[in-house]
There are 2 protein chains.
Amino acid sequence: MFSKACEYGIKAMIYIAQKSDEDGKVSLKEIAEKTDSPVAFTAKILQALSREGLLISTKGPTGGFVLAKSPSNMNLAQIVSAIDGDKVFVGCGLGLETCDNERPCPVHHKFAIVRDELTLMLNLTTLQELALGLKNGDSFLTR
Amino acid sequence: MFSKACEYGIKAMIYIAQKSDEDGKVSLKEIAEKTDSPVAFTAKILQALSREGLLISTKGPTGGFVLAKSPSNMNLAQIVSAIDGDKVFVGCGLGLETCDNERPCPVHHKFAIVRDELTLMLNLTTLQELALGLKNGDSFLTR
DNA sequence: TGTATTTAGGATAAAATTGTCCTTATTTAA
DNA sequence: TTAAATAAGGACAATTTTATCCTAAATACA
């Protein structure tokens, strides 16, 4: 469904959201540990998320990452499209370049319904609520 | 969403379904052409689908592939799981090994809803209806 | 029987994704 | 001012996925 990079990215963002409303910045090392992700690879992803304007990074001791916006204003769709692009939102289920209502692939109509639901869900799900569930112990980032 | 292999496999199955209720067997060469797929790679996928019991293959001149069952009894879920396994049906959206109602990842509940809809759609969509749309010119396998 | 045609399958290659390593730049604080 | 800590980013490596090539096996038909 999502790439590994995207999975790591989402987990990182949720962890940062949950952690940084307590303290300030969160370090790469801590993020990678708590999300059970490879450190160096996670670094690349956080870099990308910073470039895309979803994170703010600071170097040096006490440096780290913080959300660029309030977690209530950040949703999963923004994260996914920052990392995986918009393929998941608009791409054809059978990989055709041209696939729309004018010239649909055989599964287009049925696929579009599900895909649009996924898009809706990703757009409606905020980092705030995900971080809250995590903080409450209702959900987990590892295992 | 689906792997390339799976996309090719689905397109091939739809083409075979549409073509073989007219004639009998359909050759690899024809399938690859009409689905705009690489021949040798498609061969591997058709091999796998044959091993999985979804296709019957015949060697020699006039040989080729036919559906193992009536297209009304074959659905997309069977094809997807033959090629990509059941990851798409049961896998965690964030890649956790353990992720269920007992110990959910942060997106589990919302993700499961969409994933279950996808599963339902794949189970309910038969090769018969897809092949019919294609034959009627309402849908396409290329471009 | 022999030849052409077609799928099976092993070996290999290319490309994309995932992952690591190392150096540089920046910042903090002693 | 220096040392330590941290992210940035380039180079490279490993793995997975996608794709190709070649030979073998099976089959139809002359």
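In what follows, chains are A, B, ... by sequence order, proteins preceding strands, each numbered from 1. Quantities reported herein were computed from a predicted structural model and do not represent experimental measurements.
- Side-chain nitrogen and oxygen atoms of B:Tyr8 include none within less than 4.0 Å of the OP1 or OP2 phosphate oxygen of D:dT18.
- One can place CD1 of A:Ile45 at 14 Å from P of D:dA7, the figure rounded to the nearest angstrom.
- Classification of the B:Tyr8-B:Phe41 ring pair by plane angle, with boundaries at 30° and 60°, yields perpendicular.
- Distance, A:Gln47 CD to C:dA25 C1': 12 Å, rounded to whole Å.
- Nearest to the side chain of B:Ala40, among C:dG10, D:dC21, D:dT18, sits D:dC21.
- The side chain of A:Thr62 lies closest to C:dA29 when the candidates are C:dA29, D:dA8, D:dT27.
- Listed nucleotides C:dT20, D:dT20, C:dT27 differ in distance to B:Phe41; the shortest reach to its side chain belongs to D:dT20.
- Going from atom CD1 of B:Ile56 over to atom P of D:dT27 covers 14 Å, rounded to whole Å.
- Here D:dT6 presents its P atom at 12 Å from CZ of A:Phe65, a figure rounded to the nearest Å.
- Here the side chain of B:Ser57 is nearest to one of D:dA8, D:dG9, C:dT7, namely C:dT7.
- The side chain of A:Leu28 approaches D:dA7 more closely than any other nucleotide in the set C:dA29, D:dT18, D:dA7.
- A:Leu94 has its side chain within reach of A:Pro106: a pair of non-hydrogen atoms, C-beta onward, lies under 4.5 Å apart.
- Taking atom CD1 on A:Ile31 and atom P on D:dA8, their separation rounds to 10 Å, with Å as the unit.
- Between the P atom of C:dT18 and the NZ atom of A:Lys11 lies a distance of 13 Å, rounded to the nearest Å.
- The side chain of B:Lys4 lies closest to D:dA19, out of D:dA19, C:dT18, C:dA8.
- Between B:Lys59 and A:Thr58, the residue anchored closer to the 5' end of DNA chain D is A:Thr58, taking for each the nucleotide with the nearest heavy atom.
- Contacts of B:Lys29 with the nucleic acid, taken as non-hydrogen atoms under 4.0 Å apart, are absent.
- The CD1 atom of A:Ile83 sits 13 Å away from the P atom of C:dG19 (whole-angstrom rounding).
- The backbone N or O of B:Gly93 sits nowhere less than 3.5 Å from a side-chain atom of B:Arg115 that would complete a donor-acceptor pair.
- OP1 or OP2 of C:dG9 sits under 4.0 Å from a side-chain N or O of B:Arg51.
- Taking atom CG on A:Asp84 and atom C1' on C:dT17, their separation rounds to 11 Å, with Å as the unit.
- Between the A:Asp84 side chain and the A:Val80 main chain, no donor and acceptor come within less than 3.5 Å of each other.
- Each of A:Gly60 and A:Cys6 has a nearest nucleotide on DNA chain C; the 5'-most of these lies closest to A:Cys6.
- Side-chain atoms of B:Leu118 and A:Leu118, non-hydrogen and from C-beta on, never get closer than 4.5 Å to each other.
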